[in-house]
Amino acid sequence: MRPSVLAVVTIVLARATPGIALWPQPTSLQTGSSTLLLAPNFNIKVSIPHAPSDLTDAVTRTKQYLQNDKLERLVVGRGAADVSALTKAKSLSSLTLQLNPGATVRSITAEAQVALEDRDEAYALTVPSDGSGAVISANSTLGLFRGLTTFGQLWYYSGGIVYAINQPTQIKDAPAYPYRGFMLDTARNFFSVSDIQRTLDAMSWVKINTFHWHVVDSQSFPLEVPGYTDLAQKGAYSASSVYSPSDVASIVSYAGARGIDVLVEIDTPGHTSAIAAAHPEHIACADATPWSDFANEPPAGQLRLASPATANYTAGLLAATAKMFPSTMFSTGGDEINVNCYTQDGPTQQILNSTGQTLGQALSKFTQTTHGALEALGKTPVVWEEMVLDYNVTLSPKTVVMVWISSLDAAAVATAGFRMVHSPSDYFYLDCGAGGWVGDYPAGNSWCEPFKTWQKAYSFDPLANLTADQHKLVLGGQQLLWTEQSGPQNLDSIAWPRAAASAEIFWSGAGGDGDAALPRLHDIGYRFRQRGVDAIPLQPEWCALRPGVCDLTA
């Protein structure tokens, strides 16, 4: 068979083909057996009148990656194995981006920030091997951007030549789930805007589309909210550890241009001790000791949820914060509420006794007040699972629930009829297994040990234990980094390439072959490092160059 003849292969065979290292795996992939060079004068054409600036910027970045990645193939001998094929290969001189007939021209940012159910990330990519131009087509600029991401993963480098193997390529692709996230906690330890932007870049390279920003907590309140600036002034670690409104706008803009929505979280009523520095009247059991009697982490302190003044203050704070973020979603948390704190708090007990309310009724009223303020702004509330499974709280049926305590809890959330985002600690917590962070603790174990390997995350089934009728409630999932033991120093290494595992599950669907996935994940990790993200090696390079040879059964 001549190299120019198209050899159609199934998705299963493509997973095992050296050089087909796309991540996440496309929905439909057809490849050939030719090698294709990237012409020195290669150009990307945007066939869209008045193309949005973030699309043209994405084109510029793609060209830079093609020039600067200089990733040699992960095979024995690296690019030397392809020298003979390169001498006979034809060249690709152009890639054209085009919207399908009838599509509305909007920016990538605008498309990334619409409601989950309205996002269209599908695209088609055709790369001929005969020297004619490649094409990406989609119904949205967001889809075109996803196609550009895939196109950039096709190319390798050897001796000054950029080339792709197994060409031609035909791809039709769309995500299995609309929510594919990464959560970062910036309250336990502070991360600069540049740290977050680097993470957003990495997320975009594997088509993660939601940055869940757990921006504040009991330990610090680094977010400067207009009208509530005293919270950051008194609750941040320092004046340099604050996210100003301009910082937020920069992060939101940077994320949007990379197809990422920013879901901010202001956890309430728990995890709010930092507010006491500015407003002690709103916080019960602030700094109470021993802290383990009053909170899951020090310092103790929770919003006085039974107080109408506190509920109104919190509603105002959430509304002011929500105006900083264009996302249609806003998380109010709701996890790890400590009942003993309220039992011991005199003002809370006085209000409950005078009004005849139970604590659960007060929490429900508090939640209705705070969520009502968000819903008035068109926001969909997002909560942690306890708000559905542990507390008798009245929630809007539109509320999105994050399942975190155990993957087994998803079935109960689905039975309650709520849409969910999978965030289970038994699969997706990136901080597990690093040892205990509390002092005077010789046992030294983290609460969610062991370490959650990429293989463990990759084995997750989003539809496990759900009925067919409940499948539609699954919006997607995410991996999470709680930062008791993380900071800028280990952000890249603790997150990548592990966090890419869930990116493929929720784009390509569950049931992927882990053995076949490893070479592709090696590839994306190496490519990350070429682009300045310090992803850790998953194996010795000797193993990475020899797929399967380091398996226990090899």
Side-chain angles (χ1 to χ4, degrees), residues 217-218 228 231 265-276 278-297 299-322 330-377 379-402 405 409 412-413 415-418:
D217 210 288
S218 281
Y228 298 82
L231 294 176
E265 179 182 351
I266 304 291
D267 205 350
T268 62
H271 293 274
T272 46
S273 181
I275 293 175
H279 290 280
E281 70 276 14
H282 292 312
I283 300 297
C285 57
D287 294 316
T289 56
W291 62 263
S292 57
D293 288 347
F294 299 94
N296 280 50
E297 287 190 11
Q302 302 179 145
L303 286 165
R304 282 199 172 100
L305 57 85
S307 165
T310 298
N312 291 333
Y313 174 84
T314 306
L317 169 63
L318 298 184
T321 305
F330 189 107
S331 176
T332 62
D335 62 317
E336 297 182 333
I337 297 174
N338 187 287
V339 174
N340 183 57
C341 169
Y342 293 124
T343 301
Q344 301 296 323
D345 184 57
T348 295
Q349 291 303 309
Q350 183 180 14
I351 294 171
L352 293 179
N353 291 333
S354 64
T355 59
Q357 296 180 92
T358 64
L359 183 62
Q361 289 170 333
L363 174 60
S364 187
K365 187 174 181 180
F366 172 89
T367 303
Q368 289 170 15
T369 299
T370 54
H371 282 196
L374 294 172
E375 290 169 335
L377 296 173
K379 305 293 186 181
T380 297
V382 180
V383 298
W384 296 111
E385 65 177 73
E386 293 100 312
M387 297 295 281
V388 171
L389 302 184
D390 294 349
Y391 316 129
N392 186 24
V393 176
T394 300
L395 297 169
S396 163
K398 296 181 180 180
T399 303
V400 174
V401 179
M402 291 190 167
I405 296 175
D409 294 339
V413 171
T415 298
F418 288 96

Are side-chain N/O atoms of His371 and Thr332 paired as donor and acceptor at under 3.5 Å? yes
Sidechain-backbone polar pair: Thr348 side chain, Arg304 backbone, donor-acceptor under 3.5 Å: no
On a heavy-atom basis, which atom in Val401 and which in Glu385 lie closest, and how many Å separate them? CG1-CA, 3.6 Å
Evaluate the side-chain proximity of Leu317 to Leu231: yes if any heavy-atom separation is below 4.5 Å, no if none is. yes
Determine whether a donor-acceptor pair (N or O, by modelled atom type, separation under 3.5 Å) exists between the side chain of Ser331 and the backbone of Glu265. no
How close do Asp267 and Gly333 get, heavy atom to heavy atom, and via which atoms? OD1-CA, 3.1 Å
Is the backbone of Gln349 close enough, under 3.5 Å, to the side chain of Asn353 for a donor and an acceptor to pair up by distance? yes
From the options Ile266, Val382, Leu377, select the one residue that forms a side chain to side chain contact (heavy atoms under 4.5 Å, CB included) with Phe330. Ile266
Give a yes or no on whether the backbone of Thr358 and the side-chain of Gln361 come within a donor-acceptor separation of less than 3.5 Å. yes
Is there a donor-acceptor contact under 3.5 Å from the side chain of Thr289 to the main chain of Trp291? no
Heavy-atom closest pair (Ala295 atom, Ala300 atom, distance to 0.1 Å) is CB-CA, 3.8 Å
Asn340 side chain to Asp293 main-chain N or O, any donor-acceptor pair under 3.5 Å? yes
Among Asp409, Leu395, Val393, whose side chain to side chain contact (heavy atoms under 4.5 Å, CB included) with Val388 holds? Leu395
Leu389 CG to Ile405 CD1 distance, which is reported to the nearest 0.5 Å: 7.5 Å
Enter the distance from Asp345:CG to Phe294:CZ here, rounded to the nearest 0.5 Å. 10.0 Å
Would you list the atom pairs, donor with acceptor, under 3.5 Å between side chains in residues 305-312 and any protein atom, with sequence neighbours excluded?
| residue | atom | partner | partner atom | Å |
| --- | --- | --- | --- | --- |
| Ser307 | OG | Ala309 | N | 3.3 |
| Ser307 | OG | Thr310 | N | 3.2 |
| Ser307 | OG | Thr310 | OG1 | 3.4 |
| Thr310 | OG1 | His282 | ND1 | 2.8 |
| Asn312 | ND2 | Pro308 | O | 3.2 |

Distance (rounded to the nearest 0.5 Å) between Met387 CE and Phe418 CZ: 10.0 Å
How far apart are the closest heavy atoms of Pro269 and Phe366, and which atoms are they? CB-CE2, 4.1 Å
How many angstroms lie between CG in Asn296 and CG in Asn338, if you round to the nearest 0.5 Å? 7.0 Å
Donor-acceptor check, side chain of Ser354 to backbone of Gln350, threshold 3.5 angstrom: yes or no? yes
Looking at Thr399, is its backbone amide N or carbonyl O close enough to the side chain of Thr380 to form a donor-acceptor pair, meaning the two atoms are under 3.5 Å apart? no
What one should report as the nearest heavy-atom pair of Tyr228 and Ala320 is CE1-CB, 3.8 Å
Please list, chain by chain and in numerical order, all residues satisfying salt bridge (charged side-chain N to carboxylate O under 4.0 Å, His left out) with Asp335, sequence neighbours excluded. none
Identify which one of Val339, Asn392, Thr343 satisfies the side chain to side chain contact (heavy atoms under 4.5 Å, CB included) criterion when paired with Leu359. Val339
Rounded to the nearest 0.5 Å, what separation is found between the CD1 atom of Ile337 and the CD atom of Gln302? 6.5 Å
Not counting sequence neighbours, which residues clear salt bridge (charged side-chain N to carboxylate O under 4.0 Å, His left out) with Glu386? List them please. none
Can Lys365 and Gln357 be said to form a side-chain contact (heavy atoms from CB on, under 4.5 Å), step by step? CA-CA 10 Å; Lys365 187 174 181 180; Gln357 296 180 92; 4.0 Å; yes
What is the distance from atom CG of Asp390 to atom CH2 of Trp384, rounded to the nearest 0.5 Å? 14.0 Å
Looking at side-chain heavy atoms only, is the closest gap between Thr367 and Thr394 below 4.5 Å? no
Where Ser218 and Ser273 come nearest, the two heavy atoms and their spacing: OG-N, 3.2 Å
